[in-house]
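Okay, structure first, notes after.
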Amino acid sequence: MVGSLASFEFEKLLFQTNAFDQGLDVIGPASIERIRRMPDGRLAMLGIALQAGPIEDPILKADGEILDLLQLQDVTFEGTLNGPAKLILPNMDEDFVDQLGGINADFSLSNEGGPVSLNRFSATTYGTDIWALDLALSVSELKGLSGLDFDVELDVSDGASFLTALKLQPVEIGALAVDAVTSKQGEDFTASIEFEAGSSHLLAALDAKFPEGASVIRGNVASKRLDLNDLKNLTTTLDQLKSLVGDASKDPETDVQPLVLSKETNVQPLVLPKEKGKPADLLDVQRVLREADVQVQIDFKEIVGQQGVTSVSSQLSAKEGTVDFGPLQMAYGGGNFSLRAVMDLIDSPDWLSLSGSTSGWEFGEILDELGIGIDAYGRLSGEFNVSGNTASGNAFVNSMRGTASLSMSQGYVSTSLLELAGLGIFPWLFSEELRQGYTDITCVVAPISIEAGRVSSDSIVVETGSVQLVAKGQVDWVKDFIAIRAEPRRVGKPLSRSAWPFDVTGQLSSPKFKLDVGGSRNKAPEGADAMPADRQPCVPDMNQLQ
């Protein structure tokens with residue numbers, strides 16, 4: 001480009017861009033109505049008209065102007081796009097081109113006095129029964145995705161057929177619907193994503209503020225019905241669709257240069273370089289949990305597809321580096337969990353504390369699961385407070401420390417061997433339990449201590465109307481070791497002889513059971529030899545002597 005300030009002559013003008021790679025291989029005609037020098041001295045290109053695609057029926061039409069050509073500033077373009085769906089789905093199977101219909105879109109792009117902004121981009125599908133897309137997008141600054149408003153509705157009548165049309169692996173997900181709305185304006189970011197897949201419905205919403213100080217995030221994840229098989233299929237489907245844009249961000253083979261190279265001026269090239277301003281970069285999860293004030297509600301009213309799990313309700317919160325998940329309310333196999341998990345991401349990021357309770361477990365069903373063919377009944381409940389290293393599942397189990405307890409009341413077991421062991425042969429022969437064929441369980445209490453792979457207890461108690469069995473010992477799963485001593489006696493008579501105490505010792509993977517023939521006796525503590533009138537059930541009688 002040569003000349004003086006009064007007149008210019010273009011000897012060679014070369015534009016290079018990747019903006020038309022998606023099937024728009026025919027560019028033109030393009031026209032420039034006039035090039036003039038503006039009153040403020042800038043060189044302007046006015047009345048730019050561009051089209052792409054077949055000349056008789058163009059797919060893309062755009063009109064615009066560049067008010068500062070030398071700096072590529074104050075650029076404004078508006079246009080329409082109308083063509084086959086293959087424009088945005090380039091890997092489409094040719095047999096499905098007609099069935100997937102077309103895309104109708106309009107857009108407005110500018111960088112008047114600042115960064116490049118997408119003022120408007122809206123698109124809809126037409127001429128297809130396989131899928132429906134309704135998209136609206138605006139970005140006030142493309143480089144950093146600042147001032148982002150994004151609204152998309154996608155409906156697919158049959159997910160497997162849609163993936164097949166795109167030459168992807170089909171997933172039997174059935175009908176699929178996605179409705180996502182996001183907005184990033186200054187320090188504020190909001191998002192709402194709704195999925196419907198198969199028979200499942202999932203809604204997630206997020207409202208966040210990201211100022212220079214502590215960020216504040218509020219959100220909720222809810223579902224009236226969630227089939228985990230649908231969720232798995234949805235994840236697989238989205239992963240398949242993600243592969244469509246897997247190569248879209250590749251750099252062009254030719255190094256594209258701006259029209260004017262200047263070290264002093266911030267010149268934008270026609271093809272923007274790759275930036276970190278992607279939706280996934282809007283939220284640094286680890287940083288947010290360390291620094292932000294977070295509260296997210298979770299409520300899954302009905303869960304299917306996972307044996308036993310029927311519902312989940314919880315809350316995730318984080319403040320000043322402490323993450324608190326819970327209480328997690330979960331129904332599983334007739335039982336219920338209330339669980340709380342806490343982590344300090346600043347002082348001990350690899351250490352997790354778990355506490356809570358569980359109830360409603362049916363004792364007989366557990367015996368059936370363990371393959372023990374004894375008819376039994378009773379509702380188990382428990383409490384726990386443990387912590388451990390989160391490096392892996394094994395690391396947590398093997399480093400776990402804390403306490404736990406298990407209890408049961410008002411049950412039965414279809415054997416009278418417990419009475420035989422505690423009463424002796426002759427009292428047992430005339431016992432009510434022998435006649436009725438089962439034993440009523442008054443209560444079970446099992447408090448334990450956990451220390452880096454070792455579980456120990458001084459007083460595990462199983463009590464019937466006639467017999468109290470007290471066990472103590474330890475199990476070490478890291479060293480594959482077990483040592484437990486159990487002594488059954490008549491209720492309220494801790495100083496009587498235990499007819500058949502027994503020991504379980506040796507390797508945990510192959511324990512040895514030994515019956516102490518001849519029995520054993522307890523030694524009375526000094527000055528204490530009588531049971532109190534208000535004796536407590538499931539408390540070792542030896543500890544209640546007065």
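Atom CG of D134 has more than 12 heavy atoms from other residues, nucleotides or ligands within 6.0 Å. Within 6.0 Å of CD on E383 lie no more than 12 heavy atoms contributed by other residues, nucleotides or ligands.
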**OP:** Report the C-alpha separation of L81 and I59 in whole Å, then their side-chain angles, then the decisive distance to 0.1 Å, and conclude whether the side-chain contact (heavy atoms from CB on, under 4.5 Å) test is met.
**Re:** CA-CA 6 Å; L81 179 71; I59 294 173; 3.6 Å; yes
Subject >> Stepwise side-chain contact (heavy atoms from CB on, under 4.5 Å) test for L176 and W131 >> reply: CA-CA 9 Å; L176 171 65; W131 70 307; over 6 Å; no
**OP:** Mind running side-chain contact (heavy atoms from CB on, under 4.5 Å) on M45 and I35 for me, showing each step along the way?
**Re:** CA-CA 5 Å; M45 187 178 286; I35 298 177; 4.1 Å; yes
Original post:
Which is it for L228 and I303 under the side-chain contact (heavy atoms from CB on, under 4.5 Å) test, yes or no, and what are the steps along the way?
Top reply: CA-CA 7 Å; L228 297 185; I303 298 177; 4.0 Å; yes
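Under the 4.5 Å side-chain criterion, counting only non-hydrogen atoms from C-beta, T125 is in contact with I103. You'll find the side chain of V221 reaches within 4.5 Å of the side chain of F300, heavy atoms only. Within the 4.5 Å cutoff, side-chain heavy atoms of L100 are placed close to those of L166. Counting heavy atoms from C-beta on, the side chains of R34 and L46 come closer than 4.5 Å. Counting heavy atoms from C-beta on, the side chains of L231 and F195 never come closer than 4.5 Å. Contact annotation: the side chain of V216 never approaches that of Q295 to less than 4.5 Å [non-hydrogen atoms, C-beta and beyond]. Residues V397 and W477 form a side-chain contact, since some pair of their non-hydrogen atoms from C-beta on lies under 4.5 Å apart. Residues L137 and F107 are not in side-chain contact: their nearest non-hydrogen atoms beyond the backbone lie 4.5 Å or more apart.
Going from atom OG1 of T322 over to atom CG of L345 covers 7.5 Å, rounded to the nearest 0.5 Å. K209 NZ to I217 CD1: the interatomic distance, rounded to the nearest 0.5 Å, is 12.0 Å. The line from CG of L354 to OG of S387 is 8.5 Å long, rounded to the nearest 0.5 Å. Put simply, CD on Q329 and CG on L339 are 9.5 Å apart, with the number rounded to the nearest 0.5 Å. To the nearest 0.5 angstrom, L135 atom CG is 8.0 Å from D151 atom CG. The distance from atom CG of L234 to atom CG of D227, rounded to the nearest 0.5 Å, is 11.5 Å.
Minimum heavy-atom separation, D106 to R120: OD2-NE, 2.5 Å. Heavy-atom minimum distance, G159 versus I173: CA-CG2, 3.7 Å. Scanning all heavy atoms of the two residues, the minimum distance from V171 to L163 falls at N-CD1, 3.6 Å. Contact record, A62 with F77: CB-CD2, 4.3 Å, taken as the closest heavy-atom pair. When all heavy atoms of A105 and F121 are compared, the closest pair comes out as CB-CZ, 4.1 Å. Here the closest non-hydrogen pair linking R218 and D293 is NH1-O, 3.1 Å.
No donor-acceptor contact under 3.5 angstrom links the side chains of S359 and N336, judged on distance only. When only modelled atom types and interatomic distance are considered, D230 and S200 share a side-chain donor-acceptor pair under 3.5 Å.
A search for salt bridge (Lys or Arg N to Asp or Glu O under 4.0 Å) contacts involving E451 returns R401, not counting sequence neighbours. Looking at residues two or more places apart in sequence or on another chain, you find no side chain to side chain donor-acceptor pair (under 3.5 Å) involving D207. With sequence neighbours excluded, the residues that form a salt bridge (Lys or Arg N to Asp or Glu O under 4.0 Å) with K301 are D299. With sequence neighbours excluded, no residue forms a salt bridge (Lys or Arg N to Asp or Glu O under 4.0 Å) with D347. In this structure F325 satisfies the ring-ring contact (aromatic ring centres under 6.0 Å, His included) test with no other residue, sequence neighbours excluded. S183 pairs by the side chain to side chain donor-acceptor pair (under 3.5 Å) definition with D149, not counting sequence neighbours. For the salt bridge (Lys or Arg N to Asp or Glu O under 4.0 Å) test, residues two or more places apart in sequence or in another chain that qualify with E302 are R225. N119 meets the side chain to side chain donor-acceptor pair (under 3.5 Å) test with S108, S110, S117; sequence neighbours excluded. Considering only residues two or more places apart in sequence or on other chains, Q315 meets the side chain to side chain donor-acceptor pair (under 3.5 Å) condition with Q297.
Under a 3.5 Å cut-off, the side chain of N111 and the backbone N or O of V75 do form a donor-acceptor pair. Here the side chain of D239 pairs no donor or acceptor atom with the backbone of T235 at under 3.5 angstrom. Using modelled atom types, one side-chain atom of S317 and one backbone atom of D324 make a donor-acceptor pair closer than 3.5 Å. Judged by distance alone, the side chain of R340 and the main-chain N or O of P327 form no donor-acceptor pair under 3.5 Å. Within the 3.5 Å criterion, the main-chain N or O of Q99 finds a donor-acceptor partner in the side chain of T128.
Applying the ring pair (Phe, Tyr, Trp, His ring centres under 6.0 Å) test to every pair with at least one member in residues 336-358, sequence neighbours left out, gives these pairs: F337-W361. For residues 39-55, the side-chain hydrogen bond (donor to acceptor under 3.5 Å, both in side chains) pairs, not counting sequence neighbours, are D40-R42, R42-D74. A side-chain hydrogen bond (donor to acceptor under 3.5 Å, both in side chains) check over residues 165-182, counting only residues at least two apart or in different chains, returns nothing.
Each of I66, L69, D68, L67 was scored for a side-chain contact (heavy atoms from CB on, under 4.5 Å) with L43, with one residue passing: L69.
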